[in-house]
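Counting starts at 1 for both ligands and their atoms, in listed order.
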Amino acid sequence: MRRKLLAGVLALSMILEGSGILSTVSAYGAETVTEKVLQKSGGGNPVLGFDESGDLLYGGDPAVLVDGNTAYFYVGHDASSGDGYVMPDWRCYSTTDMKNFKYEGVIMNCSDISWADDTSSWASQVVKYNGKYYLYYCAEYDGNAYGKCIGVAVSDSPTGPFVDKGEPLVYDSQTPFLNPGRGGAGWEDIDPTAWVETDDEGVEHRYLVWGNTNAYVAELNEDMISLKDRDGDDEITFDEDATGKGDIQRITIDGMPNNWYYAEAPWVYRRQDSDGNYYGKYYLFYAMYWREQMAYATCDSLWDDTYEYGGLIMEPGATSNTNHMAVVDFKGKTYFIYHTGALPWGSGFRRSVCVQELQFNDDGSIQYLQENAIGLTGTASKITDSEGAPIAHEAYHNSTSDSMYPYTDVKVGTDADAETDDSLWVLREGKADDAEEAYVSIESYNKPGLYLQVEKDKTVTMGQDYQKASSDGYTVDSKRMTFRTLEGFNGDDDTVTFESVQYPGYYLTSTDGELTVEQDPDKDACSFNVSTEIKGDASSMTVRKTDRTYEVGDTLKTDDIRITAVDEDGVTNLVYGDYDGVDIDASSVDTKTAGTYKLKVTYGGETGTVEIRVLSKK
Ligand code: FUB
């Protein structure tokens with residue numbers, strides 16, 4: 001299993017590396033070819049997704065506790081074999097460097113909670129307080145009698161076992177259902193995050209924030225297992241009229257653009273100086289809109305202030321409908337920990353955890369992050385054809401529409417003008433047989449979980465390895481996503497030829513920008529150069545069309561055009577084409593005539609183009 005190896009692998013050098021290491025001779029049919037073993041990427045994302053034996057174990061909704069020299073990662077175990085959550089327990093991993101992870105086992109089973117059902121170990125967070133560890137979690141009340149509730153369990157150790165309080169800390173009935181049409185009645189009270197801090201006057205504050213479709217905040221008592229009766233009326237009440245009275249308040253986030261909304265997955269965070277003291281504003285990280293994007297808001301007080309929208313951090317994941325983050329400072333750096341469905345047969349119901357560094361600008365705003373397959377330890381490679389054009393997938397933003405997933409046939413070709421990130425690949429052990437050193441599977445750098453694959457018609461596309469593995473452990477995509485690497489057929493020492501494992505005797509070939517596998521290819525066209533390098537910076541603005549194509553006579557629409565613009569402070573904004581401030585010059589597009597047009601888009605003083613295809617009427 002790949003995970004077994006990943007857990008122990010250290011970061012590889014991020015400078016240019018050679019590709020060939022050793023070679024052996026073997027033959028297919030009449031042809032004699034020489035294998036050439038490529039350097040595979042060490043580790044990268046996801047960092048978790050394994051059990052005590054190193055076997056695949058999915059887990060989502062990461063939470064992280066930094067305790068001394070160690071960071072403890074917690075996940076809800078995803079045991080689903082379909083398209084719904086089946087989550088029987090919470091598990092823990094530990095790390096002292098954010099690169100190597102130790103499996104610590106089950107910390108609590110849903111079935112051990114007297115009031116909960118057995119399979120709803122949804123999002124959680126562990127906090128340490130006065131030497132004890134408190135696990136805040138959400139689970140469904142048995143028989144759904146009271147919807148989803150928030151519970152709390154206690155342990156003397158960060159790795160458990162945790163013992164539940166015996167009744168919910170927050171019942172679903174304690175907050176109103178305010179947003180029909182989004183989320184669901186009965187599960188507004190999920191996704192707890194807790195925060196404890198002593199202020200400058202020495203007063204201690206303990207907060208619990210949670211919620212789906214609405215975010216709520218309440219104070220915790222010093223026992224950490226009950227909510228504070230702030231207004232002293234002997235019951236825990238919701239502040240219906242937002243008068244500041246009551247014990248549970250609804251959080252309002254001002255300034256969210258594009259009709260986006262708070263969805264779920266809150267995480268409270270504050271920056272720390274080199275002595276570990278908190279400073280600056282509070283950050284509320286959260287999942288926004290559907291499919292879920294990662295965003296943040298800031299405030300001066302978790303209880304008394306309005307929260308101001310800060311920006312988008314990550315677009316919807318390439319392989320998971322939800323995302324859920326933890327943000328922690330650890331040994332002088334800030335880390336953004338999130339989940340994807342990037343492992344084989346992965347999805348929003350079979351997730352695994354990823355780590356990237358989070359960067360702040362001088363004013364405290366947060367830089368946009370792109371999910372990637374290399375994380376802190378992996379390496380990305382460029383694969384260029386004999387003309388110097390890199391293999392790249394088509395440029396696109398992950399759709400917010402469920403119907404687009406899983407991505408199974410993304411267009412791939414060679415393109416000298418391809419954007420850097422779309423032309424980076426992560427060389428993995430061959431899915432068809434990880435013991436074969438000359439086998440390689442080629443994962444997209446910026447669409448983690450999507451791999452180059454050979455189609456039946458011998459064209460090459462990119463898709464997710466999303467189908468269930470058979471009893472031998474391989475998915476139906478394993479072979480078509482694996483290539484045997486050979487010395488380049490053009491005889492150049494530096495080149496490599498990729499033979500399809502699904503179709504032995506067919507070799508990856510670049511012809512006028514098209515990628516196919518061919519039986520008798522031109523020797524230059526099937527010889528590629530592989531170089532491994534660090535990812536370059538994003539350009540200042542990219543404009544991307546999403547899923548729409550037009551037929552002659554259709555009206556041009558701009559709402560699906562998505563623009564990623566980096567402003568002068570390095571802050572990345574992602575906006576739709578119909579957003580205020582976006583100027584679209586449609587004069588170059590003639591939807592009465594079939595053809596391919598370049599549409600000019602201007603935003604924030606930058607101009608870019610997006611390709612519009614108008615097809616003949618069927
Ligand atoms: O894992 C179940 C739910 O999915 C979580 O509670 C949400 O945050 C979403 O990730």
Side-chain angles (χ1 to χ4, degrees), residues 46 48-49 57-64 73-91 108 110 113 116-126 135-141 144 147-152 168-170 172 175 179 182-184 186-194 208-216 261-268 284-296 313-314 316-327 336-342 346-354 371 400 402 405:
L48 305 185
L57 181 126
Y58 304 103
D61 302 326
V64 179
F73 280 50
Y74 302 90
V75 296
H77 171 198
D78 276 328
S80 174
S81 57
D83 286 342
Y85 297 111
V86 179
M87 304 180 68
D89 50 69
W90 291 269
R91 307 224 174 182
M108 189 166 76
C110 226
I113 303 167
D117 78 357
D118 289 352
T119 54
S120 57
S121 301
W122 284 24
S124 69
Q125 182 179 356
V126 172
L135 169 70
Y136 299 91
Y137 64 90
C138 51
E140 188 157 299
Y141 205 95
N144 202 14
K148 295 264 188 304
C149 298
I150 289 175
V152 56
L169 171 62
V170 181
D172 175 58
T175 61
N179 282 322
R182 288 190 211 148
W187 38 286
E188 311 92 82
D189 296 282
I190 63 169
D191 292 7
T193 174
L208 188 74
V209 172
W210 72 95
N212 172 292
T213 73
N214 289 293
Y216 302 105
Y261 53 81
Y262 167 90
E264 56 183 1
W267 181 271
V268 175
L284 179 73
F285 293 91
Y286 61 97
M288 177 170 73
Y289 202 61
W290 185 262
R291 291 169 83 111
E292 290 180 350
Q293 312 172 104
M294 303 276 80
Y296 74 100
I313 300 174
M314 203 175 254
T319 52
S320 170
N321 50 8
T322 62
N323 205 343
H324 194 121
M325 86 244 78
V327 180
F336 189 81
I337 295 115
Y338 61 99
H339 68 219
T340 67
S347 75
F349 306 103
R350 286 176 294 281
R351 301 162 290 186
S352 43
V353 172
C354 301
E371 65 169 325
T400 49
D402 284 336
Y405 295 84

*Asks:* Hey, are Gln125 and Thr193 close enough side-chain-wise for a donor-acceptor pair under 3.5 Å?
*Replies:* yes
*Asks:* Going by the rule salt bridge (charged side-chain N to carboxylate O under 4.0 Å, His left out), which residues pair with Asp191 if we only count those two or more places apart in sequence or in a different chain?
*Replies:* none
*Asks:* Going by the atom numbers of ligand 1, which of them fall below 4.0 Å from some non-hydrogen atom of His339?
*Replies:* 10 (O)
*Asks:* Which atoms of ligand 1 are found less than 4.0 Å from any heavy atom of Ala123?
*Replies:*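 Answer, ordered by atom number: 6 (O).
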*Asks:* Is there a side-chain contact between Ile190 and Ile150, using heavy atoms and a 4.5 Å cut-off?
*Replies:* no
*Asks:* Which option out of Tyr85, Trp122, Phe349 puts a heavy atom nearest to atom 4 (O) of ligand 1?
*Replies:* Tyr85
*Asks:* Using the test side chain to side chain donor-acceptor pair (under 3.5 Å), find all partners of Glu140 that sit at least two apart in sequence or belong to another chain.
*Replies:*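 Glu140: side chain to side chain donor-acceptor pair (under 3.5 Å) contacts with Lys148.
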*Asks:* Pick one of side chain, backbone, both or neither for how Glu292 approaches ligand 1, counting any non-hydrogen atom pair under 4.0 Å.
*Replies:* neither
*Asks:* With a 3.5 Å cut-off and no angle check, do the side chains of Trp290 and Asn321 form a donor-acceptor pair?
*Replies:*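 On atom types as modelled, these side chains do not qualify, holding no pair under 3.5 Å.
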*Asks:* Quick one: does Trp210's side chain get under 4.5 Å of Thr175's, heavy atoms only?
*Replies:*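 In contact.
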*Asks:* What are the atoms of ligand 1, with element, lying closer than 4.0 Å to any heavy atom of Glu264?
*Replies:*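 The list of qualifying atoms is 7 (C), 8 (O), 9 (C).
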*Asks:* List every atom of ligand 1 that sits less than 4.0 Å from any heavy atom of Met87, numbering the atoms from 1 in the order shown and giving each element.
*Replies:*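 Contacts of ligand 1 toward Met87, numbered from 1: 1 (O).
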*Asks:* Look at atom 1 (O) of ligand 1 and say which protein heavy atom is nearest, naming residue and atom and giving the distance to 0.1 Å.
*Replies:*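 So the nearest neighbour among protein heavy atoms is Asp61 OD2, 2.4 Å.
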*Asks:* In terms of residue, atom name and distance, what is the protein heavy atom nearest to atom 8 (O) of ligand 1?
*Replies:*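 So the nearest neighbour among protein heavy atoms is Asp191 OD2, 2.6 Å.
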